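Just so you know, residue 1 is the first one in the sequence shown, and it goes up from there. Keep in mind that what you see is a predicted model, and the values were worked out from it rather than measured. For ligands, and for the atoms within them, numbers begin at 1 and follow the listed sequence.
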Amino acid sequence: MSEPRRHHPTDPIEGAILASPEISDGRTLLLNRLIVMIVCTAAVVAGCVQEPSSGQQPLADTSFDETRLLDHVRVLASDEFEGRGLASAGEEKTIDYIVSRFIEYGLQPGFGDSYVQDVPLIRTQTRPGAKLVVRTRVEQTSLGYGSEVVFWTRRAEEAIELAGSELVFAGYGVVAPEYGWDDYAGLDARGKTVVVLINDPGLATQDPALFNGRNMTYYGRWTYKFEEAARQGASAALIIHQTEPAAYGWEVVSNTWTRPQYDLDRGDGNVSRLAVEGWITRAAAAMVLQAAGKDLDSLSEQAAQKGFRPIPLGVDVDVTLNNAVDKMVSRNVGAVIPGATRPDESILLSAHWDHLGIDPGLEGDRIYNGAKDNATGVAALLELARVAAGRERPLARSLFFASFTAEESQLLGSLYFAENSPLPLATMVGVLNIDIMNVWGPTRDVQVKGHGSSQLENYLADAARSQDRRLVADPFAEKGYYYRSDHFSIARFGVPGLLAGSGTDYTEHGNIWGRERDTDYVSNRYHKPSDEIDPAWDLSGAMLDMDLYLQVALRLAGGNGFPQWADGNQFKAVRDQTAASRMHQGSPDLSGQRDAQVLP
Ligand SMILES: [Zn+2]
């Protein structure tokens, strides 16, 4: 990672110092351990943040309340809320709870005269007996459903039949004009089944100039592979599973995709989706390719080279799939503090309320309480809403607080919100998303997912400086976490999005201890019924992170800058299409241009 340039421009509008982002990797951070950190001043912990421009006046008239924060988590993560599954009794209670708090704190309804937005969903479930057969000229093989291949459809169709669909190896399945890359070049994919690699060529080649090196781009995500194959007109796509580039093992794949799948109900039977989406194990893919006279390793090498062209395999695929289809309606919750002078310019703060509900098939504890994921995030959102609404001085811009549904189902609630936004996205300044808060006390570092994405990080770095904390990059950027929470749904429409929170360098216990905590959570609690409140929790670190988001939100809402995507970022082109909307009284967005000098 390159060292950021030192540059401290003065924001012309706010008269504040906009600091350079202080990003370092773990090693630099360890070397810098000698720096004395004064993190936990009582004022900061109590949430009485200092106005960066004046250094004196508090930004907020009210303080965060740690007891209230934990109380929210207790309610939302209680067994009574049933794991906050979609369209369940638990959803009913969750929505009621969040709406009641927004009303209590004096926020306005976010969707016209309502605090909720209906999100129409379809749920599909592959029925037993699904078959995928691969045929060469001399033999045919039925792949084991669950053990060698999993597949499903998100179309609202009871039965899917594919017969004689030609199999084509399409590399990484990527069309990326900014990298001069087209894995579908010269291929008419209509009616065909493409087989593609997971992740992107940057990980394979470790070339930082290619797809951001090890840091995953959206082109590496499985969701993208299916979307692109559908755009190309293919009937089916199979992703070759590999544990490291996928970031999870085959058991996760087979567990996840043999369960019900959700999609937005687009009212047309969702025919724009592929007829069949699926994953195939590396071993099964190698076997199929061998039957076609090809070698997976050498094809993978070719696929990582610029100029790769798709390779027809002379193999046909037949699929028989019976599908259970249900329709349902879930809900996003939203409330707003309208801006006094420029209400159409908004800052979105978000935290998904949904989790995995109840699994009747489990032994013992069957409730996925989702205490950290994401009862803590919703609790933080509610506290942010209360403190922001308690301010006496009005803000120029609107603060919108959204709690999305179906985040755990491919970010569908936030996608629906973005497609049906109550606020113009062209003048939405940024999204500050919260997904899983720190429960183990203050840290010296603030970890940024997708580091280097946008100038929102400059504001965050400035806020972190006020707490004597520093920004660090996500150490697992190849896993693509930036694409795995709700800000990403909005980012796809061009709005810069931030996902940040405590790192692992705990003020009291240090980095090794912090990493052990992370590992324990990921291995033993994440997406398991054991994600519950622990009496040993210490939410003071979460309070600091909330304070950072509050500072960033209030700075943005009080100013008129529009932070931009970093040059080369894949969402920049979409944002640039609406650049003309981001002008004030005919004057160009000066602070945004100043910001551009900061983030390399
Ligand atoms: Zn989450």
Item checked: Atom of Gly413, atom of Asn332 and distance for their closest heavy-atom approach -> O-ND2, 3.0 Å
Note to self: To make sure I understand the geometry: which N, O or S atom in Asp373 is closest to the Zn ion (ligand 1)?
What the structure shows: OD1
Next item on the list: Kindly indicate, with the supporting measurements, whether the criterion side-chain contact (heavy atoms from CB on, under 4.5 Å) is fulfilled by Gln261 and Thr153.
Entry: CA-CA 8 Å; Gln261 301 301 306; Thr153 187; over 6 Å; no
Notebook entry, point to check: Of the options Arg273, Arg155, Arg123, which is the one that meets Asp263 in a salt bridge (Lys or Arg N to Asp or Glu O under 4.0 Å)?
Noted result: Arg273
Next item on the list: Fit a plane to each ring of Tyr218 and Tyr483, take the angle between them on a 0 to 90° scale, and name the class: parallel (under 30°), tilted (30 to 60°) or perpendicular (over 60°).
Entry: tilted
Next item on the list: Using only N, O or S atoms, tell me which atom of Asp435 is closest to the Zn ion (ligand 1).
Entry: OD1
Margin query: the Zn ion (ligand 1) and His352: any N/O/S contact shorter than 2.8 Å?
Written below: yes
